[in-house]
Amino acid sequence: MKLYDVELASRLLLGSARYPSPAILADAVRASGTEVVTVSLRREAGTQRSGQDFWSLIRGLGVRVLPNTAGCHSAKEAVTTAKMARDIFHTAWIKLEVIGDADTLQPDVFGLVEAAAELAADGFEVFPYTTEDLVVADRLLQAGCRVLMPWGAPIGSGRGLNNGFGLRALRAHFPDVPLIVDAGIGRPSHAVQAMELGVDGVLLNTAVALAGDPVAMAGAFARAVEAGRAGFEAQPMEPRDLAVPSTPVAGTAWLA
Amino acid sequence: MHIRVNGVSHDLQVARLAQALEVLGYRQAAVATAVNGVFVPADAREELLLADGDALEILAPMQGG
């Protein structure tokens, strides 16, 4: 998979939040085989400088980071946050989130397109967290995005793919644009479904971090993503309404 | 002068942003800064003059999804 001219062996991108401990986060990242981990920026609370420890841990894992603009509710906030992220993490990559609804964390696609255009013009390589809307996707590409990240379901919901038809349409409409399903994946089977649709990768966080055994779940997702992709490439059969015997009918004995 | 740092008022006897970060203990830290909602890149902190009442945001790497 190639994202902004970077060739990646793994099609799984992993978030770094909500793990039981830093050690489990590190082990989960290793078990997932991911090469891209999402990170964020926040005010450092107190004098413990936990952010510095976190950054040291991530750097030690040898992965590429994808900073996000989580929590931003306007294009202006998101653009400023993206610039601050580039200053710290020294990467042009930005996972652009402009949230439009507090309950569903649904993207504000109007603010998203506005922010994406400004950031792309400023040299950022934008990964927009968007819906499966074709017209919005087209606007994002016009704004300079070269990757699209449609949601599967609301962030942290674990509901899987709410609109498989929409994702399939997006795939068909933009066959050459890398698509990463971001958000809503709850189980390895959801990742398989997404990959079988032909998306290029999945980005998930909570499904691993809140699993009973996050490290084992990270490994399960790694295999799910690989299996789903292999299934897509092998071109699955078309489903039918009626049964067709798989064992040849010709030569059946007359035993009635 | 009074500067709001991450939402908390501080009395800082400094003129420039880089000095404020030093006084606040962020000299070696990986942080990003904004003053009054405007991003200030790391290489501009030495020059940026603070004014009484400024709102300074100091952000650090954090877990994210």
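Just the heavy atoms: all of them, side chains too, but no hydrogens, waters or symmetry mates, feed the values below. Each chain gets a letter, A, B and so on, in the order the sequences are listed, and its residues count up from 1.
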Looking at every non-hydrogen atom in both residues, tell me the closest pair between Val31(B) and Gln52(A) and how far apart they are. CG1-NE2, 4.0 Å

Which of Thr206(A), Ile155(A), Leu204(A), Val39(A) touches chain B most, by non-hydrogen pairs under 4.5 Å: Val39(A)

Based on non-hydrogen pairs under 4.5 Å, which of Thr38(A), Leu13(A), Asn205(A) is most in contact with chain B? Thr38(A)

From CE (Met62(B)) to OG (Ser50(A)), nearest 0.5 Å: 4.5 Å

Between CD1 of Ile58(B) and CG of Leu41(A), what distance do you get to the nearest 0.5 Å? 13.0 Å

Answer with side chain, backbone, both or neither: which region of Val5(B) has an atom nearer than 4.5 Å to a non-hydrogen atom of chain A? neither

Reported CZ-to-CG distance for the pair Arg42(A) and Leu59(B), which is rounded to 0.5 angstrom: 8.5 Å

Side chain, backbone, both or neither: which part of Phe89(A) has a heavy atom under 4.5 Å from chain B? side chain

Rounded to the nearest 0.5 Å, what separates atom CG in Asp87(A) from atom CZ in Arg45(B)? 5.5 Å

Are there over 12 heavy-atom neighbours, none belonging to Arg18(A), within less than 6.0 Å of that residue's CZ? no

Heavy-atom cut-off 4.5 Å, strictly under: side chain, backbone, both or neither for Glu97(A) against chain B? side chain

For chain B, which candidate among Val65(A), Leu25(A), Val37(A), Ile88(A) shows the most heavy-atom pairs at distances under 4.5 Å? Ile88(A)

Based on non-hydrogen pairs under 4.5 Å, which of Ser16(A), Gly15(A), Gly156(A), Ala183(A) is most in contact with chain B? Ser16(A)

Taking Lys95(A) for its side chain and Gly65(B) for its backbone only, find out whether a donor-acceptor pair lies under 3.5 Å. yes

Flag yes if more than 12 heavy atoms outside Phe110(A) fall under 6.0 Å of its CZ atom; otherwise flag no. no

Is any side-chain heavy atom of Gln63(B) closer than 4.5 Å to one of Ser40(A)? no

Quick one: of Gly25(B), Ala32(B), Ala60(B), who has the most non-hydrogen atom pairs under 4.5 Å with chain A? Ala60(B)

